[in-house]
Structures are given as structure tokens and as C-alpha cells.
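To keep things clear, I will list the structure first and then write my remarks on it.
Because only heavy atoms are used, hydrogens play no part in the values below, and waters and symmetry mates are left out as well, while side chains stay in. By convention here, the first residue in the shown sequence is residue 1.
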Amino acid sequence: YERTCRYFARNSNSVVVSVGYRLAPKHPYPTQFEDCLTAATHFMRTAQDYGVDPSRIIICGDSSGGTLAAAVAQALANRGDLPKPRAQILIYPFLQSVDFNLPSYQQNKDIPILLKERTIVLGLKYLNIDLETMKLMSKWSHVPEDLQLKYQKWVSADCIPHEFKTRGYTPSTPLPLLKDVATQFQPVFDPVFSPLLAEDSVIARLPEAFILTCEYDVLRDDGLLYKKRLEDHGVKVTWCHLQDGFHGTV
């Protein structure tokens, strides 16, 4: 990422701080988020030492880094002891683990580099959840009924514009939750892991966003759904969609 960060710094005339957060599975979740939040808060307090205006700091990340950027932006939203982040830049972020049958997951499940199965496996490994439960993650069956009702207003194909379903989409029927494995799935509903599931009060306080999505990416609809949530709460969103893009294209 050094080359990418240098490119961003040079072409935007900005100071770029890249966080070398510790990696799973050696360092278990949520170490990664904690490292990023610690680095962000430290830099925000000392920004002037680097010639940076504290009111112009942007939180940015791509893919799982986009997850962390979104989670850090949420964590900073209610901090009265720090400057408010100027914006958040989310590049094809992973934002939810409620529905792996959204149109983008169905359409792009076999498109490299981020296949649907690989997405679920990486998430389970990150949370140290038994990989034998992967087949449950491809249905609603890992979501308790009360949470299904809560989340469906935020995570649903009904919230995806029609033009993103034209390449194919078949609504799926939820399976009943297997209660004996329900507890091990609780971490997937944590907004640190699934920022799209943050409460409305948090979403409403977020800074404006730039969201990049790619047509041939299982995570496309995560970005579309977050865009809608932000806009529904009056948060300005600049959206860039790469019609020929795929995950990792940056």
C-alpha cells in the first residue's frame, strides 16, 4: 500500500498516515479496530505537529480497511474531546454480515478476487468462528428473528435500486435460526464488524462521505445500502460507481 498512499498524498497534496494495525488471527478481533482508533485519536490530537489542520482530517480505507474506516468514523462521531472528522472515504467497503444473498452477492459470487465463499470464510476466520458454520452464513439462518425485523429496514434488496438487479436476482426465503449456534454469531452484529448496523443516532452524526462501489464486486450493495442510510439521515454522500470495476481495482 505504500505506492497507493504515496499516490494519494502526491495527487491530493495531503499528508497521508497509513496505520500498521496488527493482523488477525494472531491478534484477535477487535484489535484491528482498536489500533486504528488509537492511531486516529493520537493523530487528531497532534495533527498540528505535522502541519495538518485538525478540522480537515479524513478517515479513509478500502475493503476491510473501509470497514475499519467506517467504524472509526462512528466511534469518533460522539467524541467531544476531539475535532470532528472532515469526511470519510470508503472504497468498496465490507459493511454488513446480515445478508449474503443481496443482488451483488448473487451476481458476483464467482468473480475474482473476492468470491462470495471467500468473503464469508475471511469474516469467520477474523472472528474465530468455526468454519463449519459457513453454510449458515449464506442464508438468514444466523440472524435471530427479532434482529431480522430490526435489520431488514437497513439491509434488504428492497433498498437496492432496480438497475442493480437487472443482471439477475432471486429473492431468498429465510431459514429458521438454529438456536444452538446462535450465540457464536453475536459478534457479526457488532457495528465495529458491521458498521451498516449502527443505530440511527450514530449514523445521523457522521461526517460527509465519499463511497466507491464496483459493479463486479460482492460488496457493491453494502456501499449502496450505506449510501442510502447516510442520505436518509441528511449526511452528504459523493458516490462513484465503476461500471467495469471489480474488488481490488484500486
Side-chain angles (χ1 to χ4, degrees), residues 63-64 66-71 73-74 77 88 90-109 114 116-117 119-124 126-127 129 133-165 167-178 182 184-204 206 209 211-215 217-233 235 237 239 241 247:
S63 193
S64 57
T67 316
L68 293 167
Q74 291 180 2
Q88 52 184 322
L90 310 178
I91 301 172
Y92 37 73
F94 173 93
L95 297 171
Q96 63 84 29
S97 53
V98 169
D99 191 347
F100 292 100
N101 277 300
L102 292 169
S104 61
Y105 270 102
Q106 291 190 16
Q107 296 163 7
N108 304 311
K109 62 184 176 67
L114 194 62
K116 173 180 174 178
E117 183 175 323
T119 305
I120 298 174
V121 166
L122 289 174
L124 293 176
Y126 183 35
L127 296 175
I129 295 176
T133 62
M134 187 180 75
K135 53 190 168 188
L136 302 178
M137 298 289 285
S138 64
K139 297 290 183 182
W140 277 86
S141 56
H142 66 292
V143 185
E145 187 174 1
D146 59 327
L147 292 182
Q148 288 183 30
L149 296 173
K150 177 180 181 179
Y151 295 150
Q152 66 184 5
K153 61 184 177 182
W154 303 334
V155 185
S156 169
D158 294 339
C159 300
I160 303 295
H162 175 72
E163 60 264 32
F164 293 101
K165 302 174 187 176
R167 288 202 292 121
Y169 171 65
T170 303
S172 57
T173 302
L175 296 176
L177 176 69
L178 301 180
Q184 65 181 303
F185 283 114
Q186 289 180 350
V188 308
F189 309 125
D190 184 348
V192 169
F193 184 78
S194 298
L196 186 55
L197 305 184
E199 296 296 333
D200 289 340
S201 58
V202 175
I203 298 294
L206 290 174
I211 298 177
L212 184 141
T213 56
C214 294
E215 178 63 26
D217 180 6
V218 292
L219 301 184
R220 179 197 69 200
D221 293 349
D222 283 25
L224 295 178
L225 292 171
Y226 205 51
K227 171 180 179 291
K228 183 180 187 304
R229 279 209 75 193
L230 291 171
E231 291 177 335
D232 285 349
H233 286 84
V235 178
V237 178
W239 173 50
H241 182 65
H247 195 83

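A distance of 10.5 Å separates CD of Glu117 from CG of Leu122, quoted to the nearest 0.5 Å. Annotation: the span from Leu147 atom CG to Gln152 atom CD amounts to 11.5 Å, rounded to 0.5 Å. Rounded to the nearest 0.5 angstrom, Phe193 CZ and Leu68 CG are separated by 10.5 Å.
Nearest heavy atom pair, residue Ala73 against residue Gln88, reads CB-OE1, 3.7 Å. Minimum heavy-atom separation, Trp154 to Leu197: CZ3-O, 3.5 Å. Between Asp99 and Asn101, the shortest heavy-atom distance links the atoms OD1-N, 2.7 Å. Across every non-hydrogen atom of Leu90 and Ala69, the tightest pair is CD2-CB, 3.9 Å.
Each of Asp222, Thr213, Asp221, Asp217 was scored for a side-chain hydrogen bond (donor to acceptor under 3.5 Å, both in side chains) with Ser104, with one residue passing: Asp221. Of the residues Ile129, Leu124, Val98, Val143, the one that meets the side chain to side chain contact (heavy atoms under 4.5 Å, CB included) test with Val188 is Ile129.
You'll find the side chain of Leu230 reaches within 4.5 Å of the side chain of Ile211, heavy atoms only. At least one side-chain heavy atom of Pro144 sits less than 4.5 Å from a side-chain heavy atom of Phe189.
Under the 3.5 Å distance criterion, the side-chain polar atoms of Arg220 are left unmatched by any main-chain donor or acceptor of Asn108. Put simply, the side chain of Gln107 gets close to the backbone of Gly168: a donor and an acceptor are under 3.5 Å apart. Arg229 places a side-chain N or O within donor-acceptor distance of the main-chain N or O of Leu196, the cut-off being under 3.5 Å. The backbone N or O of Ser194 lies less than 3.5 Å from no partner atom in the side chain of Gln96, so there is not a single donor-acceptor pair.
When the side chain to side chain contact (heavy atoms under 4.5 Å, CB included) test is applied to Gln74, the partners found at least two apart in sequence or on another chain are Pro191, Pro195, Ala198, Val202, Ile203, Leu206, Tyr226. Partners of Thr119 by side chain to side chain contact (heavy atoms under 4.5 Å, CB included), not counting sequence neighbours, listed by chain and number: Phe94, Tyr105, Leu114, Val218, Leu219. Take Tyr169 and apply the ring-ring contact (aromatic ring centres under 6.0 Å, His included) test, not counting sequence neighbours, and it matches no residue. Checked against side chain to side chain contact (heavy atoms under 4.5 Å, CB included), Lys109 has the following partners two or more places apart in sequence or in another chain: Lys116. With sequence neighbours left out, Glu199 forms a salt bridge (Lys or Arg N to Asp or Glu O under 4.0 Å) with Lys150. Qualifying salt bridge (Lys or Arg N to Asp or Glu O under 4.0 Å) partners for Lys228, counting only residues two or more places apart in sequence or in other chains: Asp232.
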- Message: Go through it in stages, so that I can follow the logic: the residues are Leu224 and His241, the test is side chain to side chain contact (heavy atoms under 4.5 Å, CB included), and I'd like the CA-CA distance, side-chain angles, deciding distance and then a yes or no.
- Response: CA-CA 10 Å; Leu224 295 178; His241 182 65; 5.5 Å; no
- Task: Please assess Phe185 against Leu127 for the test side chain to side chain contact (heavy atoms under 4.5 Å, CB included), listing each intermediate value before the final yes or no.
- Result: CA-CA 9 Å; Phe185 283 114; Leu127 296 175; over 6 Å; no
- Task: Decide yes or no on side chain to side chain contact (heavy atoms under 4.5 Å, CB included) for Leu102 and Leu225, but give the supporting numbers first.
- Result: CA-CA 10 Å; Leu102 292 169; Leu225 292 171; 3.8 Å; yes
- Task: Dump the intermediate steps for side chain to side chain contact (heavy atoms under 4.5 Å, CB included) on Leu212 and Tyr92, then the final yes or no.
- Result: CA-CA 6 Å; Leu212 184 141; Tyr92 37 73; 3.7 Å; yes
